[in-house]
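What follows is a set of notes on a single structure, which appears directly below.
All of these numbers come straight from a predicted model, not from anything done at the bench.
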Amino acid sequence: MAVPGAFDVLPPGVLGPRGTAFYRRSIEITPNTPAALYFAACGFYCKVFVDGTALGDHRAGGYQPFWIDVPAASSRTRELIVIADNRSNSTTAPTTTGGDFYFYSGITRNVLLHELPFAASMRQVEVFPVDVDRGLVDVLILFTTPVSGVVKIDLTWPGGQAVSVQGTATGGVVNLYSVSVPNPQPWTFESPNLTVLTVSVTGDAIAVRFGLRIVAADKTDGRFTLNGKVVKLHGVNRHTMWPDTGSAVDLAQMQQDVALLKELNANFVRGAHYPQDQRFLDLLDESGIGVWEETLGPGVSLKDLQSPYFLEYQVQAVNEMISASINHPCVLMHGFYNEGPSNQKEACAGYNVSAAAIRARMGSPQLRLVTYASDHSTSDVCLDVVDVVSFNSYPAWYDHPGDLTQPAKFWKMASDWAHEHYPHKPFFISETGAGGVYEWDNTTDPRWSQKYQAEVVSADATVAMANSNISGITVWQFSDIKANDDSTRQCGQCSYAPHPPSLAVPWNCSYIDVSCGRPGGENHKGMVDFWRRKKQAFDALK
């Protein structure tokens, strides 16, 4: 099959296979030259072999990149085999703890082969804005081997000549401080300015694109700030999922999603519930749309958070996520443990493990803010570990269904509570909304109708935009998605009208049973349906 691709793409309401897939192909590497394979995503569990030798495996989630080093050999043609296992298993896939979405699997993002012919090959360059107005950044250079001593480094900016500097390597790491960016222009939602720095060391070179921006909380009232200016974040949660490609979304589909986000006037997206595709982050960088990026982990339990084995791979997932997205200015927050057991004091140490792992990579000033989405509201007891207080709740949908006064009442209560107890932290609505079946476009507003969904979404957005104690909102969600295995098994498909066999074109339900929690095997809370057809809620949110 094609790579990237999900090997378990089937229609909503139909379970895909759970088991093991084997990939095999030849690769070409210059003889006697070491190399490295970069897997942008492979899940749930992946093990990599070259020439029959196991070189490594990956257990920290199927959505973030990882590297596999390939030793040199005398032959040019090498055999690459990858095993991908998509079964839930607390040993081989400890961070795959569950979630209200379908877990597609396989090698779902690109695989890149890098030859490493230099004694001091670079693996990564990380740029940390220090002073936006003066255009100062710190630069971190990571090598593939633990080189030490003085290193000659060339820095090149667009249209300029290389500038040679010296850095001291310790354990394969070089830090350059207060590097000046020529003609600095800040990255903002309105003007998403980007620049490129090329770092060269002994023939090896890496070019990184970044933007100058700093995020923080206002010192007086705790509101979210970008480059010192208070801003209101508003947008949607988005899953990386299309009917015909599963989670192996292609570039054209990403571009279509970003175009719809712009039409929604969104300036922020929550990347639910896993690390994001780098191509999507590139598009958001260019579009001036911020993002909350989080590790996989819906359904995490207290037992998980007290397990050294789970936490080991959770920290690995945090570091892999950050390493992949470190230079994207669009990433404003990092999160973890969606709707976890943060109402239990015993869980807070496990929450702090992830928060500390994020902050350890953020530099100073802190590159991104730390948060998690809590569904415990004022009963949450772990909020000391975060920079942003974020709540998930669905007033007028799950709570007091039918009462359209509830969103204003609940979100005022929640934001007042957060402002009283955490006055120096922004308060954020991370999930809210209602379900709406695309085919139910009647003029009345019963539950599951497009009209009722639009009314709830409008009520949520209205209070969020008007209340100065609320720093932002991401409505659940951008598009309808395929439901998880349990809901797929319980709800099954709707009755579809005659349609082409291809999942690339829309299918229409002629009958759907809404007594099941995920009618037709889908979560219907999208502003657009699975095929990106707009619902009434889309216009209500604009």
Parallel, tilted or perpendicular: ring planes of Phe310 versus Tyr337, cut at 30 and 60 degrees: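 Tilted: the ring planes of Phe310 and Tyr337 meet at 30° to 60°.
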
Aromatic ring pairing His239/Trp476, orientation class (parallel under 30°, perpendicular over 60°, tilted between):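 His239 vs Trp476 ring planes: perpendicular.
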
Residues, nucleotides or ligands: over 12 heavy atoms within 6.0 Å of [X] [atom1]:
X: Asn183; atom1: CG; answer: no
X: Lys232; atom1: NZ; answer: yes
X: Arg533; atom1: CZ; answer: yes

Side chain to side chain donor-acceptor pair (under 3.5 Å) partner of Asp460, chosen from Trp411, Trp397, Tyr394: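 Only match with Asp460 under side chain to side chain donor-acceptor pair (under 3.5 Å): Trp411.
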
Salt bridge flag under 4.0 Å for residues Lys535 and Asp441: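 No salt bridge links Lys535 with Asp441.
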
Check against salt bridge (charged side-chain N to carboxylate O under 4.0 Å, His left out), Lys534 and Asp529: CA-CA 7 Å; Lys534 297 174 188 173; Asp529 81 343; over 6 Å; no

Donor + acceptor pair across side chains of Arg361, Ser323 (<3.5 Å):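 Per modelled atom types, Arg361 and Ser323 side chains form a pair under 3.5 Å.
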
Is the distance between the ring centroids of [Y] and [X] under 6.0 Å?
X: Phe101; Y: Tyr274; result: yes
X: Phe391; Y: Phe427; result: yes
X: Phe428; Y: Phe268; result: yes

Test log, rule side chain to side chain contact (heavy atoms under 4.5 Å, CB included), inputs Gln314 and Val353: CA-CA 9 Å; Gln314 168 63 18; Val353 167; 5.8 Å; no

Exercise: identify the closest heavy-atom pair between Met321 and Gly335: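 Minimum heavy-atom separation between Met321 and Gly335: CE-O, 4.5 Å.
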
Lys NZ or Arg CZ of Arg109 over Phe39 ring: under 6.0 Å, within 45°: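 No - Arg109 does not lie over the ring of Phe39 by the 6.0 Å and 45° rule.
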
Verdict with reasoning, Arg238 to Asp257, per salt bridge (charged side-chain N to carboxylate O under 4.0 Å, His left out): CA-CA 9 Å; Arg238 174 187 174 271; Asp257 283 359; 3.1 Å; yes

Contacts of type salt bridge (charged side-chain N to carboxylate O under 4.0 Å, His left out), residue Glu431, not counting sequence neighbours: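 Listed in chain order: Arg270.
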
ring-ring contact (aromatic ring centres under 6.0 Å, His included) partners of Tyr38, counting only residues at least two apart: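 So Tyr38 forms a ring-ring contact (aromatic ring centres under 6.0 Å, His included) with Trp67.
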
Contacts of type side-chain contact (heavy atoms from CB on, under 4.5 Å), residue Ala537, not counting sequence neighbours: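 Scan of Ala537 (side-chain contact (heavy atoms from CB on, under 4.5 Å), adjacent residues dropped) gives Gln453, Ala454, Val457, Met527.
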
Residues that Cys46 engages under disulfide bond (SG atoms under 2.5 Å apart), provided they are two or more places apart: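 In terms of disulfide bond (SG atoms under 2.5 Å apart), with neighbours along the sequence ignored, Cys46 is linked to Cys42.
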
Which residues share a side-chain hydrogen bond (donor to acceptor under 3.5 Å, both in side chains) with Gln477, sequence neighbours left out: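 Asn523.
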
Donor-acceptor list for residues 189-196 side chains, cut-off 3.5 Å, not counting sequence neighbours:
unit_1, atom_1, unit_2, atom_2, d
Asn193, ND2, Pro186, O, 2.8
Asn193, ND2, Ser191, O, 3.2

